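All values reported here derive from a predicted model rather than from experimental measurement. By convention in this document, chain letters (A, B, ...) are assigned in the order of the sequence lines, proteins followed by strands, and residues within each chain are numbered from 1.
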Amino acid sequence: MERVNFQVIEKKWQDIFSKKGKLENKDGKKFYCLEMFPYPSGRIHMGHVRNYTIGDVIARYKYLKGFNVLHPMGWDAFGLPAENASKTNNLHPKEWTNKNIEIMKNQLKLLGLSINWEHEISTCSKEYYKHQQSLFIDFYKNGLVSRKETYVNWDPVEKTVLANEQVINGRGWRSNALVQRKKLSQWFFNITKFSNELLNDLSELKGWPEKVKLMQKNWIGKSFGCELEFKLIDDKSKINVFTTRPDTLFGASFLALSVDHPLSKNFLKDNNFTKFKESCNSTGTTEEALANAEKIGFNTKLFVEHPFLKDKKLPVYFANFVLMDYGTGAIFGCPAHDQRDYEFAKKYNLEILKVVSDGKNSDELTEAYTGAGKIINSDFLNNLEVEQAKKIIIDKIENKKIGKRKTLFRLKDWGISRQRYWGCPIPMIYLEDGSVVPVEKSELPIELPDDIDLNSSGNPLESHPSWKNTIQKSTGKKATRETDTLDTFVDSSWYFLRFCSPKDLSAPFDQKDINYWMPVDQYIGGIEHAILHLLYSRFFTKAINKFDKKLNLSEPFKNLFTQGMVCHESYKDQGGNWLYPDEVEKIENKKVVKKIDKSPVSIGPPESMSKSKKNTVDPEKMIKQFGADSVRWFILSDSPPEKDIQWSDVGVNSANKFLQKIWNINILITKRRSVNANTDIEEDFVRQINSFAFKIENSIEKFRFNVAIAHFYELFNLLKDCLENEISNKIFKDNLIKVMKLLMPFTPHLSNECLEILNCKNPNKWPLIEKNLLVDDIKLAIQINGRTRDIINVKKDLDKDAILKSVSNNSKTKKYLEDKKIIKTIFVKNRIINYIIKE
RNA sequence: GCCCUCGUGGUGAAAUUGGUAGACACAAAGGACUUAAAAUCCUUGCCCUUUUGGGAGUGCCAGUUCGAGUCUGGCCGAGGGCACCA
């Protein structure tokens, strides 16, 4: 068997790709194919391989189909790891990052990706962040930036502020340290100004997974209800509450306020209250345990009037389960119909009055009833359904001028200040009179200083001896710079725009380029970015669209695909140390031992590859061993791309074997002896190849690469079986060329090499699929009482009578039908014929 | 707790969307070639039957239908999102 040296042909074609790697079809329709750009951590991992291979298949396929394709790549290059690495390696973040970029770029080239490298960008270059600062100033001038003093999530290990979404179960997403509450003045993007658009436009995104849209919808969290005021009996001052259940107002038995509610000022001198407040804060606001924690309250001894029941007085509490940053920081409690209120009422012996009938006769409840039902015990609302009652009572409340309809969102403004060095400086200055103003655009970029001491604690820019001292350009007044840098999510919220005009010095992007390339036709990345990155990018697009009317773009990503993770089992030696897969070997009975001393190793379940568990496989090593085409082939073949895949060395090895087979067939054809052709056999051959081409094209369009690959296996089994058949060399070769072109998006090196050998003049053109050849014999199942008894070959599209005639004498079904009465015959064209008989 | 998704051989998975369940591959067992191994090729895969055949079968239990992996209801299990959002 002929064998190909993958190292040799892959090098050869990669050199050619990098010389003329553009997927350019000047007359074709544009296609912008984008994969989420990587963080330059040092080396690429299998997750990148999967992500970029999927993208490459799409980019190459669209190019072959005649599209003018943009397929760029860049680097999400700011971020904390560079600072950490610089501390351990004594290497400046800039040098560390640029070195990593160099390495990873070469690794990506080894995969044979069709990337427009002339569009390459790096977010840490001043050519990029200059424009980001300019956009920030635009946002500021358009009222989309604000400064707020708020409680923030403070990570005590990283000494920085975390966004809500960077807090996972009360811990920092990187450091895993318990997050504390701290009050700081911070910059915010006013993403909440776009809450409605971000929610409503999800329905426009037909090419997005439902799952991602649902996650965003829940994250934005729109709810309808009303605001309503209660009067304190003492001094008639008012407390505003928000509720989505105004229909349960007659079941209210208390008011509960957040400990940060303005009214708390009156209690700060009360030791019992401050103690209570501390105990509320100590648990943190986001910890999971808190959701299940006991509801506790502080009785103010104050009472409010019930707005519709003059004689009813409700006690006012501070309660640990009421949040200040949602609604008004105050609620009314209706214990019968809200589980939290129920628990609270049980603890403090408050009234539990049913106002929605749960269909049971008893007044006793063991938990809150939140279902539908008729309103009871509620004066003018009695006998109404919940939804009707809501409407009517809100009307009443509005008429009485004690409240109004209100829609609330869970989404909060996006805190973007970070107390770090390796990020984009925020282009704001503080004047001595206390005012805070943006720098002038002509001063951009505000560059990061290179001479920095990263070993000092806190914010390195803050402790730099001179960097923050400056003057306001227009007035010459003394000023100090903002020393916080931007959250790195800002960097990735507009990079897809920059890719369209990466070299434009004067503006973030060129209108013409954006109008041509945007929106991204296919965006591909991990599901972990389902909410934040995608929501922020949508926000940026909408915000820029608002103040830049020429943009004419409401959504950045037309189609989205989220691929699954790459998993591997993990290994631990007897001492409990993690081991890399290549430190162990498999012996009999699926047991695993350590290579160096043959000591037993315990095997963990397959999990997403991570450095901490050492269950990683180095892509470069795999490419060196099996070739890039084999690695690409395997990572696409084993599972549907949206599902997790389990990495297997054996799997890549067998991918390699199959690609060798393809090569071998290619060689055999070039040496094939001439045969006497038989027209019928040739036609059948051509039709079968055409049918596979059709199926493969369909599978690619639907992102079903594993199915496409299964068809390639069938296809090559067919080619091999037909090698000796009465098919002319010309027909055989023409069809092999067709097949090699189909293969091009998957294994570009091998395909190009084979096509060159076959002397193909137009390798970069997708083969034509001939629809008229798809008419074929089909297999039709003959069923008796729904049970398949035989399968016959018939011409396509035959009608019922013709089929009945041809199966009337069928030997396999005859015996079932003899002496039986056929009650009914069900016929589905090209599928089945089903006899219903009486037993 | 609320919301969502998914349960198909030893394994990864197919199934034209209600019409042949297990395509295609991996692994395994047996065989061929070989002095041997590697590589390559062939065969097998639940139950009954020597074969021909027949039966059961897509997490479990019901239902709709001529026909259910696919639709409906209930249960069991796995994964994901949100987390006191009033």
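In this structure, of B:A13, B:G19, B:C84, it is B:C84 that holds the atom nearest to the side chain of A:R340. In the set B:C82, B:C3, B:C84, the nucleotide with an atom closest to the side chain of A:L214 is B:C3. The side chain of A:K295 approaches B:C84 more closely than any other nucleotide in the set B:C82, B:A86, B:C84. Across B:C84, B:A86, B:G12, the shortest atom-to-atom separation from the side chain of A:N320 is found for B:C84. Distances from the side chain of A:R831 to the nucleotides B:G19, B:A86, B:C41 place B:G19 closest.
Looking at A:K390 and A:E387, a side-chain N of the basic residue comes within less than 4.0 Å of a carboxylate O on the acidic one, giving a salt bridge. Ion pairing of A:K346 with A:E343 is absent here, as no side-chain N (NZ or NE/NH1/NH2) approaches a carboxylate O to less than 4.0 Å. Between A:D260 and A:K277 a salt bridge is recorded (basic side-chain N to carboxylate O distance below 4.0 Å).
Comparing the same atom, P, in B:C26 and in B:U40 gives a spacing of 10 Å after rounding to whole Å. Annotation: B:G54 and B:U65 have their C1' atoms spaced 25 Å apart (nearest Å). Taking atom P in both B:G74 and B:U5, one finds a spacing of 14 Å when rounded to whole Å. Of the C1' atoms belonging to B:C71 and B:U17, the separation is 11 Å, rounded to the nearest Å. Distance noted for atom C1' between B:C48 and B:G30: 23 Å (whole Å). Between B:C76 and B:G59, the two C1' atoms lie 7 Å apart (nearest whole Å). If you take atom P in B:C6 and the same atom in B:U16, they sit 15 Å apart, rounded to whole Å. B:U8 sits 9 Å from B:A13 when the C1' atoms are compared, rounded to a whole Å.
No close placement of the A:H337 and A:Y342 rings is indicated, their centers lying 6.0 Å or farther apart.
Defined by atom type and a distance below 3.5 Å, a donor-acceptor pair is present between the side-chain atoms of A:K222 and A:N196. Judged purely by distance below 3.5 Å, without hydrogens or angles, the side chains of A:S223 and A:Y326 pair a donor atom with an acceptor atom. A:N656 and A:S630 are linked by a side-chain donor-acceptor pair at a separation below 3.5 angstrom, with hydrogens and angles left out of the test.
Projected onto RNA chain B by closest heavy-atom contact, A:A781 and A:R704 fall at different nucleotides, the more 5' of which corresponds to A:R704.
Contact check of residues 329-336 of chain A against RNA chain B (heavy atom, cut-off under 4.0 Å) returns A:I331.
Taking the six-membered ring where the residue is Trp, A:Y348 and A:Y317 present tilted rings, their angle falling between 30° and 60°. Between A:F230 and A:F332, the ring planes lie tilted relative to each other; the angle falls in the 30° to 60° range.
Rounding to whole angstrom units, CZ of residue A:F254 and C1' of B:A86 are separated by 10 Å. Atoms NZ (A:K412) and P (B:C82) sit 13 Å apart, rounded to a whole Å. Look at CD on A:E642: it is 14 Å from C1' on B:G12, rounded to the nearest Å. A:L314 has its CG atom 20 Å from the P atom of B:A86, to the nearest Å.
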Distances for protein N or O near nucleotides 22-26 of chain B N or O, under 3.5 Å:
from  : atom 1 : to     : atom 2 : distance (Å)
B:A25 : OP1    : A:N717 : ND2    : 3.3

Atom pairs, N/O to N/O, protein against nucleotides 79-81 of chain B, distance under 3.5 Å?
none

Between the protein and nucleotides 66-72 of chain B, list every N/O to N/O distance that falls short of 3.5 Å.
from  : atom 1 : to     : atom 2 : distance (Å)
B:C66 : O2     : A:N834 : ND2    : 2.3

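Using Watson-Crick or G-U wobble geometry with both donor-acceptor distances under 3.5 Å, B:C2 finds its partner in B:G81. Pairing for B:G73 is with B:C61, a Watson-Crick or G-U wobble pair whose two hydrogen-bonding atom distances lie under 3.5 Å. Pairing for B:A56 is absent, with no Watson-Crick or G-U wobble pair whose two atom distances lie under 3.5 Å.
For A:F634, the ring pair (Phe, Tyr, Trp, His ring centres under 6.0 Å) test picks out A:W647, with sequence neighbours left out.
Note on A:K695: nothing from the nucleic acid sits closer than 4.0 angstrom, heavy atoms only. Counting non-hydrogen atoms under 4.0 angstrom, A:V241 reaches nothing in the nucleic acid.
For A:S223, a side-chain nitrogen or oxygen approaches OP1 or OP2 of B:A86 to under 4.0 Å. Taking side-chain N and O atoms only, A:T243 has no distance below 4.0 Å to OP1 or OP2 of B:A86. The phosphate of B:C41 has OP1 or OP2 within less than 4.0 Å of a side-chain N or O from A:K661.
From A:T243, atom OG1 reaches atom CG of A:L249 across 8.0 Å, with rounding to the nearest 0.5 Å.
Glycosidic conformation, B:U17: syn, with the torsion inside 90° of 0. B:G45: glycosidic angle beyond 90° from 0, hence anti.
For the residue pair A:V592 and A:V584, the shortest heavy atom distance occurs at CG1-CB, 3.6 Å. Annotation for A:V355 and A:C334: closest pair CG2-SG, 4.4 Å, computed over non-hydrogen atoms. Among all heavy-atom pairs drawn from A:D638 and A:Q646, the shortest one is OD2-O, 4.4 Å. Taking each heavy atom of A:K406 and A:F242 in turn, the nearest pair found is O-CE1, 3.8 Å.
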Could you list the donor-acceptor pairs under 3.5 angstrom formed between side-chain atoms of residues 705-719 of chain A and any protein atom two or more places apart in sequence or on another chain?
from   : atom 1 : to     : atom 2 : distance (Å)
A:H711 : ND1    : A:E714 : OE2    : 3.3
A:Y713 : OH     : A:W633 : NE1    : 3.4
A:N717 : ND2    : A:Y713 : O      : 3.3

